[in-house]
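In what follows, a single structure is set out as structure tokens and then discussed.
Since the structure is predicted, the reported quantities are computational estimates derived from the model, not experimental observations. Letters A, B, ... mirror the listed sequences (proteins, then strands); counts begin at 1.
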Protein chains: 2
Amino acid sequence: MEINKAVSALSALSQENRLTVFRYLVQAGLEGVPAGQIGEHLGLPLSTLSFHLSQLKHAGLVKCRREGRTLFYSAHYAAMNELMGYLTENCCQGISGNRKTSSRPRKVRASKK
Amino acid sequence: MEINKAVSALSALSQENRLTVFRYLVQAGLEGVPAGQIGEHLGLPLSTLSFHLSQLKHAGLVKCRREGRTLFYSAHYAAMNELMGYLTENCCQGISGNRKTSSRPRKVRASKK
DNA sequence: TCCATATTTCCAATATTATGGAAATATGAT
DNA sequence: ATCATATTTCCATAATATTGGAAATATGGA
């Protein structure tokens, strides 16, 4: 991961509403959550929520899939893994015995429903 | 760590100049680096650099210590550890066998000089 | 005291981000 | 076709962040 991608991901997560959305999606699992349900959970106007979801999507941290009229948003676990890897390698010097090539972070799995 | 502190830390790191400064400080080690040397490394005007350093300091990610006329900035490893812990617990559901109480991330150590 | 060095603070200009209502789009049902 | 539902896009407004020059502050030395 290069720095610009890391900055995008960090920017996406650096806003309270978006971080809350992302946390919610992470614990919601792979099947995802309808946009409306996210808005209800957060108490946000849908246009505002939509703006934040598109920021997260743009940064690659969430995906969405349509099913009828509803769009299911879900956390993109692999992207979060990449970010964790970037931070571990670049911002946590000393971790993993300081051998750069071995500082591969543990993989993230979706929660069981 | 609560969400507002996490948002502060993420905001501090979500800007390319600041992320670059922080990476530089992380690998520079505990003794820190004079502000001027950071500015030289980045090619930034000192007033701009000073602004970014204060953002990082405000977020708790860097410390500084004066020695004569020069201020040595250094990464605050423990704060970065806390952020990694927050992200691991809140944004990486499934890690560490999904047992919330056990998802304590490995500790970061400063690099040897 | 006066000067040089290191760095910050002040300030104004510019740029980017966040918000939410209203209109638009997409889909499915009757 | 018409209507209802789910969600986005558009737009204007407000808020916040970034930039860099100039002046201010802090420290040490002659």
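Using a 4.5 Å heavy-atom cutoff, the side chains of I3(A) and Y86(A) are in contact. Residues E82(A) and K5(A) form a side-chain contact, since some pair of their non-hydrogen atoms from C-beta on lies under 4.5 Å apart.
Atom P of nucleotide dT9(C) and atom NE2 of H58(B) are separated by 12 Å, given to the nearest angstrom. Summarising the geometry, the separation between CG on L49(A) and P on dT8(D) is reported as 7 Å, rounded to the nearest angstrom. Between the C1' atom of dT19(D) and the CD atom of Q55(B) lies a distance of 12 Å, rounded to the nearest Å. As a whole-Å value, the separation of L53(A) CG from dT9(D) P is 11 Å. In this entry the distance linking CZ of F51(B) with P of dA12(C) reads 17 Å, nearest Å. Atom pair L44(A):CG and dT19(C):C1' shows a separation of 10 Å (rounding to whole Å applied). Between the C1' atom of dT5(D) and the CD atom of Q37(A) lies a distance of 16 Å, rounded to the nearest Å. Rounded to an integer number of Å, the gap from L13(B) CG to dA17(D) P is 15 Å.
A close approach under 4.0 Å does occur between a side-chain nitrogen or oxygen of T48(A) and OP1 or OP2 of dG20(C). A sub-4.0 Å separation between OP1 or OP2 of dT19(C) and a side-chain N or O of Q15(A) is present. Between H52(B) and dA17(D), a side-chain N or O to OP1/OP2 separation shorter than 4.0 Å is absent.
Listed nucleotides dG20(C), dT8(C), dA18(C) differ in distance to L71(B); the shortest reach to its side chain belongs to dT8(C).
Taking hydrophobic clusters as Ile, Leu, Val, Met, Phe, Trp and Tyr residues chained together by side-chain heavy-atom distances below 4.5 Å, F72(B) does not share a cluster with I38(B). Under the 4.5 Å side-chain heavy-atom criterion for grouping Ile, Leu, Val, Met, Phe, Trp and Tyr, L13(B) is connected to V7(B) within one hydrophobic cluster. Residues L44(A) and V33(A) share a hydrophobic cluster, clusters being chains of Ile/Leu/Val/Met/Phe/Trp/Tyr side chains in contact below 4.5 Å.
Of the possible polar contacts, none joining the R18(B) side chain to the T20(B) backbone as a donor-acceptor pair under 3.5 Å is found.
Across all strands shown, T70(A) has heavy atoms under 4.0 Å from sugar-phosphate atoms exclusively, and none from any base. Y73(A) comes within contact range of the sugar-phosphate backbone alone, with a heavy-atom separation under 4.0 Å but no base atom that close. Among the atoms of the strands shown, base atoms are found under 4.0 Å from some heavy atom of L46(A).
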How does each nucleotide of nucleotides 22-30 of chain C score, in 5' to 3' order, for protein heavy atoms under 4.0 Å: base (B), sugar-phosphate only (S), or none (-)? B----BB--
Please step through side-chain contact (heavy atoms from CB on, under 4.5 Å) for the pair C91(B) and L87(B), ending with a clear verdict. CA-CA 5 Å; C91(B) 299; L87(B) 294 176; 4.0 Å; yes
